[in-house]
Amino acid sequence: EFVQDLSSISVIPVSLVQPNITIPYTTPPQLSSFSLLDMNEGLLTVSFTAPMLLSTLQTSGITIQGAAYDTSMYTLTSNSTGMQISPLVITVTLSDQDLNAIKSIPTVAKNQADTFIAIASTTIKDAFGNAVSPVVNGFALPVVTYLPDMIPPTLLSFSF
């Protein structure tokens, strides 16, 4: 017996068909925000448009530069490490080498106006294995929040 709708018209049953193909999700994730650069603590926070896999993070794909297009820049080493704050947010703890190198460039990361980020497609992958869309020199993203270096230098050694 068929099911009828409110107008007493019979509804014809249809068998369920299972798809035999899977279409992979291949849309590359994008860097959506360069949220924070903290020059005191050596922290850099970025946000993405899709859940990211921290295990694929290659910090050597991150470049800090002085403008959207600039020749004054510093590319991080693989010594800096990442921490996943949420599926979309990664915080990078800059190595002493990277932090001091950035501080040594007079026209990069001295204030909010001269702090931009570019990333290579090899920097990180999303949960589906898609490489992030690169942000190239000329289209680097500005930092949203910049915290300047307020810690005075400390003498580590002295000799005559």
Side-chain angles (χ1 to χ4, degrees), residues 19-158:
N20 61 1
I21 62 168
T22 302
I23 300 173
Y25 182 80
T26 58
T27 303
Q30 295 180 344
L31 177 66
S32 60
S33 175
F34 178 17
S35 310
L36 170 72
L37 182 62
D38 182 340
M39 295 299 286
N40 278 316
E41 299 295 326
L43 298 174
L44 176 157
T45 301
V46 289
S47 301
F48 296 92
T49 58
M52 305 308 284
L53 287 176
L54 180 64
S55 63
T56 65
L57 178 66
Q58 300 292 321
T59 56
S60 58
I62 300 171
T63 299
I64 305 300
Q65 53 193 67
Y69 174 80
D70 204 347
T71 56
S72 296
M73 62 184 68
Y74 179 77
T75 300
L76 302 183
T77 66
S78 57
N79 297 329
S80 291
T81 58
M83 177 174 58
Q84 195 140 21
I85 304 303
S86 75
L88 303 177
V89 179
I90 304 284
T91 292
V92 173
T93 300
L94 300 173
S95 67
D96 288 342
Q97 176 187 354
D98 288 340
L99 184 59
N100 288 332
I102 293 168
K103 288 178 180 182
S104 72
I105 304 171
T107 58
V108 174
K110 299 300 178 256
N111 56 58
Q112 186 172 5
D114 67 5
T115 305
F116 290 76
I117 192 170
I119 61 170
S121 63
T122 56
T123 303
I124 194 166
K125 293 180 180 180
D126 70 10
F128 297 99
N130 299 310
V132 69
S133 293
V135 176
V136 297
N137 190 9
F139 297 94
L141 295 181
V143 70
V144 174
T145 302
Y146 174 87
L147 300 174
D149 179 10
M150 302 295 288
I151 300 172
T154 304
L155 180 62
L156 298 177
S157 66
F158 176 79

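Everything numeric in this text was worked out from a predicted model, so none of it was measured. Residue numbers start at 1 and run along the sequence shown.
- Across every non-hydrogen atom of Tyr74 and Ile102, the tightest pair is CD2-CG1, 3.7 Å.
- For Thr59 (side chain) and Thr77 (main-chain N/O), a donor-acceptor pair under 3.5 Å exists by modelled atom type.
- Using a 4.5 Å heavy-atom cutoff, the side chains of Leu37 and Leu94 are in contact.
- Taking the side chain as every heavy atom from C-beta outward, Thr75 and Ile62 never approach each other to under 4.5 Å.
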Quiz: residues 44-51 side-chain donor-acceptor pairs under 3.5 angstrom, not counting sequence neighbours:
residue	atom	partner	partner atom	Å
Thr45	OG1	Thr91	OG1	2.9
Ser47	OG	Ser35	OG	3.4
Thr49	OG1	Gln30	N	2.9

Donor-acceptor pairs under 3.5 angstrom involving side-chain atoms of residues 78-85: please list them, not counting sequence neighbours.
residue	atom	partner	partner atom	Å
Asn79	ND2	Gln97	OE1	3.0
Ser80	OG	Ser95	N	2.9
Ser80	OG	Asp98	OD2	2.5
Gln84	NE2	Met52	O	2.8
Gln84	NE2	Ser86	O	3.3
Gln84	NE2	Pro87	O	3.2

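- Between Ile105 and Ser72, the shortest heavy-atom distance links the atoms CG2-CB, 4.4 Å.
- Closest approach of Pro28 to Ser133, counting heavy atoms only: CB-OG, 3.4 Å.
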Could you tabulate the donor-acceptor pairs under 3.5 Å formed by side-chain atoms of residues 112-120, not counting sequence neighbours?
residue	atom	partner	partner atom	Å
Gln112	NE2	Val143	O	3.4
Gln112	NE2	Val144	O	2.7
Asp114	OD1	Ala109	N	3.3
Asp114	OD1	Lys110	N	2.8
Asp114	OD1	Asn111	N	2.9
Thr115	OG1	Asn111	O	2.6

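- For the pair Asn130 (side chain) and Asp126 (backbone), a donor-acceptor distance under 3.5 Å is absent.
- Between Lys103 and Asp149, the closest heavy-atom pair is NZ-OD2, 3.0 Å.
- Closest of all the heavy-atom pairs between Ala140 and Gln65 is CB-NE2, 3.5 Å.
- No donor-acceptor distance shorter than 3.5 angstrom exists from the side chain of Asn40 to the backbone of Leu147, with no hydrogens or angles considered.
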